[in-house]
Number of protein chains: 2
Amino acid sequence: MTFRSMQSRPCTGSKSREQPATAERVTLAMNLCRERGVRLTTLRQQVLELLWQSARPTGAYELIELLAQRNSRPVAPPTVYRALEFLMSQGFASRIESRNAYVPCAHPERCQEHIFLICNHCEEWIELDDARFEHQLADEAAHLGFRTTQRVVEVVGTCADCVSASAD
Amino acid sequence: MTFRSMQSRPCTGSKSREQPATAERVTLAMNLCRERGVRLTTLRQQVLELLWQSARPTGAYELIELLAQRNSRPVAPPTVYRALEFLMSQGFASRIESRNAYVPCAHPERCQEHIFLICNHCEEWIELDDARFEHQLADEAAHLGFRTTQRVVEVVGTCADCVSASAD
DNA sequence: AACGAGACGTTATAACATAACGTTTCAGAG
DNA sequence: CTCTGAAACGTTATGTTATAACGTCTCGTT
């Protein structure tokens, strides 16, 4: 019956980031930037690091505060928004629309195709990658002659851990 | 191969609103409110009418302006946000997260389950209803032990009309 | 060394949303 | 018909998120 989830693969999430860690992610981004002929400046790198280090989707103004702590010199909103725009354009980050917040993206090449699950309780997020789902959305759109440029798929609720925790 | 779109049914959209019109939608809402023992006040009704009359997803502050035109007496933000909250709680409207804007909903009973396509060019929107898609998302979530409370599925791009128009 | 594009700084303001609390409205009880 | 309590609405203030506009700096290239 329910053959549907077979192709789903949870790829990242705030909980799966114990080991592989920020540094490797940033290295990947650096390499991709070199290949692509774009610059991962200090600021952009810092923002990316902060996103990976955060346990939750991070707001732009929260990033501003974190950068201030880290750099002594404060940074104004446009600066951070520009960095975020860059990171998103390169697939290194995604915006969570239902939260006005940003998360790092584990698969820069496929950043447009993710599904996000967000826990209302612990605020953690799961990045999901499901080809079947993607195809279906694309078909829906194509069927209507619609040309897709951006997708937003966000599932908000309670994650497994918080469900069992609250079932005490 | 692509059997996927078979169950899709475009239900509403800003273009399909020539005939059935605002009045009938509002009547439906009134009846549902009576059944449910909640009140469709003048303000709430006005907001719902404005949403149906608009060709595009409508922002809260845009609604404030429209209400001012209509009522002589201006209305403050909290008032409109409360009306929107009510309409959404009853399934009469949905929020388009990627736009910070609101659209009326043709199927109040199933308002949580819609997919929205939004045209970047003409700003029109299409409300889509696809049971298969819904099930799949639910399965994805269930597979991870995630308890879903809210879904956001928005596809942004260029609608068929604007695609052919720009192909001149 | 000069140049030019892109990145960043800075100021101001726009756009979206809610907290907190007072007043009005209205359906139902008496 | 009046009273009453809950819900709706008014009002003021403020919080939060995002961008416009323009100047300066940086850095790779010529």
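Just the heavy atoms: all of them, side chains too, but no hydrogens, waters or symmetry mates, feed the values below. In what follows, chains carry the letters A, B, and so on, assigned in the order in which the sequence lines appear, proteins first and then strands, with residues in each chain numbered from 1. Nothing here was measured: the structure is a model prediction, and the numbers come from that model.
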>> I'd like to know whether B:Glu123 forms a salt bridge (Lys or Arg N to Asp or Glu O under 4.0 Å) with B:Arg99, so could you lay out the CA-CA distance, the side-chain angles of the two residues, the decisive distance to 0.1 Å, and finally the verdict.
In response: CA-CA 10 Å; B:Glu123 299 284 327; B:Arg99 280 281 200 281; 3.5 Å; yes
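Distance B:Asn71 CG to D:dC9 P: 12 Å, rounded to the nearest Å. Whole-Å rounding puts the B:Gln90 CD to D:dA8 C1' distance at 14 Å. Regarding B:Leu43, its CG atom lies at a distance of 13 Å from the P atom of C:dC26, rounded to whole Å. A straight line from CD of A:Glu97 to C1' of D:dA18 spans 12 Å, rounded to a whole angstrom. One interatomic measurement links the two molecules: CG of B:Leu67 to C1' of D:dC9, which rounds to 13 Å at whole-angstrom precision. Rounded to an integer number of Å, the gap from B:Arg73 CZ to D:dA8 P is 21 Å. The nearest whole Å value for the distance from the CG atom in B:Leu84 to the P atom in D:dA8 is 15 Å. Summarising the geometry, the separation between CD1 on A:Ile64 and P on C:dT10 is reported as 13 Å, rounded to the nearest angstrom.
Side-chain atoms of A:Gln69 and A:Glu65 include no donor-acceptor pair closer than 3.5 Å. Residues A:Gln150 and B:Asn120 have side chains that never bring a donor and an acceptor to within less than 3.5 angstrom of each other.
We find that the ring of A:Tyr81 and the base of D:dT19 do not stack by the test of centres under 5.5 angstrom and planes tilted less than 30°.
Residue-to-nucleotide contacts include a donor-acceptor pair under 3.5 Å from the side chain of B:Arg82 to the base of D:dG10. No N or O donor and acceptor, one from the side chain of B:Tyr61 and one from the base of C:dA14, sit under 3.5 Å apart.
When heavy atoms are screened at a 4.0 angstrom cut-off, A:Arg95 is found touching the sugar-phosphate backbone but no base atom. In this structure, B:Arg39 reaches the sugar-phosphate backbone alone: every heavy-atom distance under 4.0 Å involves primed, P, OP1 or OP2 atoms, never a base.
Positionally, the nearest nucleotide of DNA chain D for B:Thr79 lies more toward the 5' end than for the other of B:Thr79 and B:Asn100. Where A:Thr41 and B:Ala60 meet DNA chain C, the nucleotide closest to each residue was compared, and A:Thr41 sits on the side nearer the 5' end.
Distances were taken from every side-chain heavy atom of A:Tyr102 (C-beta onward) to each of C:dT10, C:dC8, D:dA18; the shortest belongs to D:dA18.
Look at A:Arg110 and A:Glu113 and you find a salt bridge, because one of the NZ, NE, NH1 or NH2 atoms lies within 4.0 Å of a carboxylate O, short of that distance.
The closest side-chain heavy-atom distance from A:Glu62 to A:Arg56 is below 4.5 Å.
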